[in-house]
Amino acid sequence: MKDMEKPFLDHLEDLRGLILKCAAAIGVGALLGVAGIGTVMEILRWPLGQAQGEGSSTGTLLALQVTDPMTVTLQIGLGAGILLSLPIVLYFVGSYLMPALDPRERRMLLPAFLVGAFLFLLGVAFCYFLVLPRALAFFQDFNRWLGLETSWTMASYTDFVLQMLMGFGLSFELPLGMVLLARLGILSRATVVEHRRHAVVVLLALAACVTPTSDPFNLGLMFVPLYGLFELGLVGMGWAERKATLANGSKSSY
């Protein structure tokens with residue numbers, strides 16, 4: 001209640017502090033990414049080496065523009081900064097929202113944070129080890145079928161890889177969001193099941209927005225796991241609703 005009595009300008013000051021702390025965390029992560037640019041670049045090139053075969057463990061990338069190396073360095077630094085600082089940023093956001101939550105919602109915050117971090121890393125790993133090598137191999141084979149030589153630039157390759165990693169990491173948060181909405185009583189499983197066809201359209205649109213290219217192959221690579229996560233979220237929503245029903249029943253018995 002004390003937090004709700006704070007003046008409006010104080011709330012704005014708290015929001016300003018949150019933005020500054022999040023920006024500082026991302027900045028530190030970006031500096032770490034730039035400092036280790038050689039190692040980060042080798043990590044990003046690993047899927048390309050896998051797509052090209054064992055004999056080409058480090059794929060060849062081109063720099064066509066004079067400023068490409070600087071652009072890629074800044075791009076990788078920002079991407080690494082977001083990935084490295086994400087847990088700290090989520091902690092800052094959770095601390096900012098904590099006073100506005102009731103006790104039940106506060107108890108859910110730490111488990112949701114841990115599960116969300118795990119799902120994000122799982123999505124990144126799924127994309128890095130399984131999706132990216134197959135996607136790059138597909139495009140190389142498609143180029144050969146068309147009689148084209150595959151030569152990718154550093155900028156286009158790193159942009160593709162970073163967007164795919166970030167997209168899969170965020171997409172894997174879908175089941176957690178669905179479970180939280182059900183646990184808080186905002187959205188019911190029956191409503192989602194009733195509008196399943198509409199949800200499929202939304203997932204297709206989301207997959208199209210997340211994938212860095214508009215081709216059907218990449219769209220399918222994103223949509224199929226996303227739909228599987230949606231079905232997993234439905235299972236989780238059923239579990240959350242049963243748990244909420246049991247909790248309400250135990251409270252009413254006293």
Side-chain angles (χ1 to χ4, degrees), residues 3 9-47 61 63 65 67-101 105-106 108-129 131-132 153-177 180 206-207 209-213 222 226 229:
D3 184 69
L9 291 180
D10 288 350
H11 285 291
L12 288 181
E13 186 65 23
D14 292 341
L15 179 60
R16 173 179 171 274
L18 171 67
I19 295 173
L20 290 177
K21 288 189 291 186
C22 292
I26 294 175
V28 172
L31 289 177
L32 292 175
V34 172
I37 186 65
T39 301
V40 175
M41 195 63 198
E42 288 301 316
I43 293 174
L44 292 179
R45 290 167 64 180
W46 180 85
L61 298 173
Q65 302 294 329
T67 57
D68 274 356
M70 182 62 68
T71 302
V72 170
T73 300
L74 296 176
Q75 187 180 37
I76 292 177
L78 181 59
I82 294 175
L83 289 175
L84 293 175
S85 64
L86 185 62
I88 301 175
V89 170
L90 291 177
Y91 172 78
F92 288 151
V93 174
S95 300
Y96 175 76
L97 297 176
M98 186 71 75
L101 303 177
E105 294 170 341
R106 291 182 183 182
M108 296 171 55
L109 192 60
L110 180 59
F113 169 77
L114 295 176
V115 173
F118 171 76
L119 288 176
F120 183 84
L121 294 176
L122 182 63
V124 171
F126 178 81
C127 178
Y128 182 77
F129 291 105
V131 176
L132 278 174
T153 65
M154 294 172 57
S156 64
Y157 175 79
T158 53
D159 183 64
F160 176 82
V161 171
L162 290 176
Q163 286 191 46
M164 288 288 286
L165 293 175
M166 191 67 66
F168 270 86
L170 294 176
S171 298
F172 269 59
E173 303 288 342
L174 178 62
L176 176 62
L180 289 178
L206 179 61
C209 293
V210 171
T211 49
T213 58
M222 179 64 72
L226 196 60
L229 293 169

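What you are looking at is a predicted structure, and each value in this text was computed from that prediction instead of being measured.
- A donor-acceptor contact shorter than 3.5 Å links the side chain of E173 to the backbone of F120.
- Contact of the Y157 side chain with the P47 side chain is registered, since non-hydrogen atoms from C-beta on lie closer than 4.5 Å.
- For the pair A155 and D68, the tightest heavy-atom approach, listed with the atom from each and the gap, is CB-OD1, 4.4 Å.
- Here the side chains of Y128 and F168 are not in contact, with every heavy-atom distance at 4.5 Å or above.
- Shown here is F126, whose CZ atom has more than 12 heavy atoms of other residues, nucleotides or ligands within 6.0 Å.
- When side chains are defined from C-beta on, Q163 does not count as touching M166, because their heavy atoms never get closer than 4.5 Å.
- Counting heavy atoms from C-beta outward, V72 and I76 have side chains that approach closer than 4.5 Å.
- Between T73 and I37, the shortest heavy-atom contact is CA-CD1, 4.0 Å.
- Taking 4.5 Å as the limit, every side-chain heavy atom of F172 sits out of range of all side-chain heavy atoms of F118.
- Between the CG atom in L170 and the CG atom in L165 there is a gap of 11.0 Å [rounded to 0.5 Å].
- Between the side chain of S85 and the main chain of I88, no donor-acceptor pair closer than 3.5 Å is present.
- At a threshold of 4.5 Å between non-hydrogen side-chain atoms, the residues V131 and M222 do not count as touching.
- Here the CE-CD distance, from M154 to Q65, works out to 12.5 Å after rounding to the nearest 0.5 Å.
- Scanning both residues, F113 and L90, for their nearest heavy atoms gives CE1-CB, 3.6 Å.
- Residue F92 holds its CZ atom at 11.0 Å from CG of L20, rounded to the nearest 0.5 Å.
- Closest approach of L229 and S171 over heavy atoms only: CD1-O, 3.4 Å.
- Tested against L44, the residues V161, T39, L61, L132 include a single side chain to side chain contact (heavy atoms under 4.5 Å, CB included) partner, V161.
- When all heavy atoms of L176 and A112 are compared, the closest pair comes out as CD2-O, 3.5 Å.
- Closest heavy-atom contact between L84 and L32: CD1-CB, 4.3 Å.
- With rounding to the nearest 0.5 angstrom, the CG atom of D14 is 11.5 Å from the CD1 atom of I19.
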